[in-house]
Amino acid sequence: MSLTECYSCAREAEFASLPQYQRIVVDEDWRVVHAVDCALPGWLVLLPRRHVESMAGLTAAETASLGGWLVRLARAVEAVTGCAKAYVAQFGEAQGFAHLHFHVVPRSPELEVELRGPRVFGLLGAGERAVTEERMDEIAARIAAALEPAAVPR
């Protein structure tokens, strides 16, 4: 796959003009975004800022910070959405989305049983039911504020 076919790399190339939901928090290695075309408010995605398609390709620095990012994001998602727990998943199989990325998904007590576990991915590709850009920006601001001060990269 060329980098021009990679959704994440194309957004990274436009970094300066991205809306808040596409750059909730960022450090030299990672960028946190709200999932697009998704029917679930607060569904976050953590992705490396360089193109890599497998966890095996992460650098030592990326590896060292990955666990901390995932825990802090899960805490922020739970605090902001009031969900029962945050799922964390990594697949990267969809066309144009092979770029390594980790989903941090709020699972509310109200989420239908049929959409729990890996079936929650049925809420992607939501079309008209998708969370609006305005709502994603509002959630992005709340997530950034909820991250403990040590978690917000400078």
Side-chain angles (χ1 to χ4, degrees), residues 1-77 80-81 83 86-107 111 114-144 146-147 151-154:
M1 168 185 301
S2 76
L3 296 182
T4 59
E5 296 172 352
C6 176
Y7 178 84
S8 298
C9 289
R11 299 299 73 74
E12 186 69 28
E14 306 167 346
F15 183 81
S17 63
L18 291 176
Q20 184 171 7
Y21 72 86
Q22 284 284 326
R23 52 185 175 95
I24 298 170
V25 287
V26 179
D27 70 10
E28 55 277 349
D29 296 319
W30 298 98
R31 180 165 57 101
V32 178
V33 306
H34 193 289
V36 295
D37 197 20
C38 171
L40 187 57
W43 184 318
L44 303 181
V45 179
L46 175 68
L47 54 128
R49 299 202 56 197
R50 67 179 183 91
H51 189 79
V52 59
E53 294 186 8
S54 168
M55 285 185 67
L58 291 176
T59 66
E62 291 162 342
T63 300
S65 62
L66 176 59
W69 269 115
L70 292 173
V71 170
R72 291 188 302 267
L73 291 173
R75 288 176 182 156
V77 163
V80 168
T81 68
C83 66
Y87 294 150
V88 176
Q90 186 275 315
F91 299 107
E93 297 294 339
Q95 180 68 31
F97 292 90
H99 188 116
L100 180 69
H101 59 283
F102 299 86
H103 297 267
V104 182
V105 184
R107 201 281 283 154
L111 186 66
E114 302 81 36
L115 291 172
R116 292 187 183 184
R119 295 179 306 269
V120 75
F121 281 83
L123 294 172
L124 292 178
E128 292 180 7
R129 299 176 305 124
V131 179
T132 66
E133 289 187 7
E134 294 79 16
R135 179 81 170 116
M136 288 189 291
D137 275 342
E138 184 266 323
I139 292 166
R142 292 178 58 208
I143 292 288
L147 289 168
V152 180
R154 304 268 181 243

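Small disclaimer: the values here were computed from a predicted structure and weren't measured.
Applying the salt bridge (charged side-chain N to carboxylate O under 4.0 Å, His left out) test to pairs two or more places apart or on separate chains, those with a residue in residues 116-137 are Arg135-Glu138. Legend: salt bridge (charged side-chain N to carboxylate O under 4.0 Å, His left out) pairs involving residues 29-51, not counting sequence neighbours, sorted by first then second residue: Glu12-Arg31, Glu12-Arg49, Arg50-Glu62.
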Derivation of the side-chain contact (heavy atoms from CB on, under 4.5 Å) call for Ile139 and His34: CA-CA 8 Å; Ile139 292 166; His34 193 289; 4.0 Å; yes
Verdict with reasoning, Leu58 to Leu100, per side-chain contact (heavy atoms from CB on, under 4.5 Å): CA-CA 9 Å; Leu58 291 176; Leu100 180 69; 3.6 Å; yes
Chi angles and distances behind the side-chain contact (heavy atoms from CB on, under 4.5 Å) call for Val52, Thr59: CA-CA 10 Å; Val52 59; Thr59 66; over 6 Å; no
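Arg23 approaches Leu18 most closely through the heavy-atom pair NE-O, 2.9 Å. Residues Met136 and Ala35 come closest through the heavy atom pair SD-O, 3.4 Å. The minimum heavy-atom distance between Ala86 and Val77, with the atom names listed, is CB-CG1, 4.3 Å. Scanning both residues, Leu47 and Ser8, for their nearest heavy atoms gives CD1-CB, 3.7 Å. Residue Gly42 comes nearest to Pro106 through the heavy atom pair O-CD, 3.5 Å, listed as atom of the first residue, atom of the second, then distance. Annotation for Leu147 and Ala76: closest pair CD2-CB, 3.7 Å, computed over non-hydrogen atoms.
By the salt bridge (Lys or Arg N to Asp or Glu O under 4.0 Å) test, Glu14 pairs with Arg11, sequence neighbours left out. Ser65 pairs by the side-chain hydrogen bond (donor to acceptor under 3.5 Å, both in side chains) definition with Trp30, not counting sequence neighbours. Remark: Val36 engages Tyr7, Tyr21, Gln22 in a side chain to side chain contact (heavy atoms under 4.5 Å, CB included) (not counting sequence neighbours). The side-chain hydrogen bond (donor to acceptor under 3.5 Å, both in side chains) test applied to His103 returns Trp43, His101, not counting sequence neighbours.
In this structure, Leu40 CG and Leu115 CG are separated by 9.0 Å, a value rounded to the nearest 0.5 Å. Distance CG/Leu46 to CD/Gln90: 10.5 Å, rounded to 0.5 Å.
In this structure, the side chains of Val105 and Leu123 stay at 4.5 Å or more apart for every pair of heavy atoms. Between Phe102 and Trp69 there is no side-chain heavy-atom pair separated by less than 4.5 Å.
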